[in-house]
> 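First the structure, which I've put down as structure tokens, then a few questions once you've had a look.
Residue numbers start at 1 and run along the sequence shown.
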Amino acid sequence: MKDPPTLNLDNQSDELSQVTSTKNPLHDRNFYIIVSLTLVEIMGGPTIGPILPELSKVFAVSPSEIQLVMTAFFLPIGIATPILGIVTDRIGVKKVLIPSLLLFAIAGSCCAFAGDFQTLIRWRFLQGLGSASLNLISLTLISTIYRGKALTTAMSISVSAIGASTAIYPIIGGVLAGFSWRYPFLLTTLAFPLLMLVLMVLKLPRQQSGSQNSSIKLYLQKVWQSINNSTVLGLLLVVGSMFLIQSGPFITYIPILAGANFGTSGLFIGLILASMSVSLGLVASQLGRLTRRASEITLIKVAFAIAAIALAMIPFITSAGLLFVPSILFGEALGLAIPSSQEILAKLAIDDTRAGFMAVNVSVQSLGIGLGPLMAGIFAGVWGMQGVFWATAGLAVGALVLFHFLLQQGSRNSVTR
């Protein structure tokens, strides 16, 4: 695997010339702003999930209709991310980031004052559109700024922060909802101070002129060339399949199983899902140490094996408390697979198409999240509740085999070249 090309920086600024770094990201104020972009983007989902039953009553809509509150938020992310990746590479990070944060904050706040369900859905769609670039830009900047061990540390800390936030956000949303359903939406106002930090504190590498001056056709050809190899496709398979398993069997069907079979309360279900996020964060935080003992590729393969075991044990569980075991195990699998795959993808990205490359990465994540519940529903219709977990365990094993095959093909191609 070749090292990524050296980034061209603004030679006229000593401060900017030090942006590309191999130092510990924890000592870099840029890093905290960059990670905050992802944490703000994630906020639009977990903080709202706990208030869906209340929203169903407030707007007098059915449980099936209230799911549109989440769909309207996630749909524009999947649609807009590839486009925003191209735009970011061509016009610059801040020119996309600043209006995105504004739209996210304003639309999210307006959701709190929606007078009817249709208006709420429209504002949620706009909020999702505003959030579409945030995770993309965060990944792009981490892969641009950090190198070597600093990149490993940055990726592991970023995923750990995501794990912690997805455990905490539902609790915050639930507590605020106890006062009013409007308050969880108002959390998006935190994007305003983040916007000020982006304007006044965040220092970015100078954009290369090639991505701005080249034609769209040439740019897209470069993005396609950077993606169209077996190694990258294998890593995208990891990202898509892991998020598919998370959103389908775990986030959607473990709550259904716990409620239908064991009569579990919503709070207890929330704790089960939170245990997955905590496990993810703890394992991801140790990625630097783990990669000194095993390669990222090995960690990804181990992650698939753990995921398959976690899924396969669920049909044998006889009490709700035992559901913590597969949830924690799958959190460990995510903590191994996601930062490892993101780190390798970051190293493979080319500077003048980096945002476009990462946009494909984020789109695959969104696709996995969207397809997870759909595929799990198909499995449930064909084989029943238990079949969801058996089928996705088989999917994890199949993904492991395909990942191994794609990496072998990539190695052979690199040798023949």
Side-chain angles (χ1 to χ4, degrees), residues 38 41-42 44-46 49 67 70-71 73-82 84-85 128 131-136 138-139 155 158-159 162-163 165-166 227 231-255 273 276-277 280 284 299-301 303-308 310-311 326-327 329-346 357-380 388-389 391-403 406:
T38 297
E41 187 265 343
I42 294 172
Q67 293 300 324
M70 304 304 285
T71 302
F73 178 77
F74 288 112
L75 181 62
I77 297 176
I79 295 173
T81 298
L84 290 172
S131 75
S133 72
L134 302 184
N135 187 33
L136 155 68
S138 179
L139 284 173
M155 284 296 183
S158 177
V159 174
I162 292 170
S165 67
T166 52
I227 294 167
T231 301
V232 173
L233 293 176
L235 293 166
L236 292 176
L237 169 70
V238 173
V239 172
S241 57
M242 280 293 176
F243 280 106
L244 183 149
I245 294 170
Q246 181 190 34
S247 67
F250 281 93
I251 291 180
T252 303
Y253 273 87
I254 276 188
L273 296 179
M276 177 174 61
S277 298
L280 185 163
L299 294 179
I300 291 171
K301 291 179 178 179
F304 274 122
I306 294 174
L311 289 161
S327 180
L329 283 175
F330 186 68
E332 292 176 357
L334 285 174
L336 292 173
I338 300 304
S340 296
S341 58
Q342 296 300 326
E343 180 187 350
I344 301 173
L345 284 169
F357 183 90
M358 286 300 177
V360 175
N361 178 15
V362 175
S363 295
V364 170
Q365 293 181 27
S366 301
L367 183 63
I369 292 170
L371 287 179
L374 176 61
M375 289 191 66
I378 293 172
F379 294 151
V388 171
F389 305 104
T392 45
L395 186 149
V397 173
L400 171 58
V401 173
L402 182 55
F403 176 64
L406 287 170

> To the nearest 0.5 Å, how far apart are OG in S241 and CZ in F403?
9.5 Å
> Would you compute the distance between atom OG1 of T38 and atom CG of L136 and round it to the nearest 0.5 angstrom?
9.5 Å
> Any non-hydrogen side-chain atom of M155 less than 4.5 Å from a side-chain atom of L139?
yes
> Quick one: closest heavy-atom pair of L334 and P339, and the distance?
O-CD, 3.5 Å
> In terms of ring plane angle, is the pair F250 and F330 parallel, tilted or perpendicular, where the classes change at 30° and 60°?
parallel
> Show your reasoning for whether side-chain contact (heavy atoms from CB on, under 4.5 Å) applies to V364 and F243.
CA-CA 9 Å; V364 170; F243 280 106; over 6 Å; no
> State, with a plain yes or no, whether a side-chain heavy atom of L280 is found less than 4.5 Å away from one of E332.
no
> Under the side-chain contact (heavy atoms from CB on, under 4.5 Å) rule, what do V397 and F304 come out as? Steps first, then yes or no, please.
CA-CA 7 Å; V397 173; F304 274 122; over 6 Å; no
> Measure the CD1-CG distance between I42 and L134 for me, rounded to the nearest 0.5 Å.
10.5 Å
> Between I227 and L236, is the side-chain contact (heavy atoms from CB on, under 4.5 Å) condition met? List the steps.
CA-CA 9 Å; I227 294 167; L236 292 176; 4.1 Å; yes
> I'd like to check L345 versus F357 (side-chain heavy atoms, cut-off strictly below 4.5 Å). Are they in contact?
yes
> Are the side chains of S341 and I300 in touch, meaning some heavy atoms are under 4.5 Å apart?
yes
> Any side-chain heavy atom of Q365 sitting closer than 4.5 Å to one from T81?
no
> Could you check if a side-chain atom of Q342 sits within less than 4.5 angstrom of a side-chain atom of N361, using non-hydrogen atoms only?
yes
> Do L406 and L402 touch side chain to side chain, with heavy atoms closer than 4.5 Å?
yes
> State the OG-CD distance between S277 and Q246, to the nearest 0.5 angstrom.
7.0 Å
> Excluding sequence neighbours, so at least two apart, what forms side chain to side chain contact (heavy atoms under 4.5 Å, CB included) with I79?
L75
> Just verifying a value: how many Å separate I77 CD1 and N135 CG, rounded to the nearest 0.5 Å?
8.5 Å
> Could you go step by step and tell me if M375 and L395 meet the side-chain contact (heavy atoms from CB on, under 4.5 Å) rule?
CA-CA 11 Å; M375 289 191 66; L395 186 149; 3.9 Å; yes
> Can you give me the closest heavy-atom contact between A337 and A303, atom names plus distance?
CB-CB, 3.7 Å
> As an exercise, state the distance from CE of M242 to CG of L336, rounded to the nearest 0.5 Å.
8.5 Å
> Could you check if a side-chain atom of P326 sits within less than 4.5 angstrom of a side-chain atom of L311, using non-hydrogen atoms only?
no
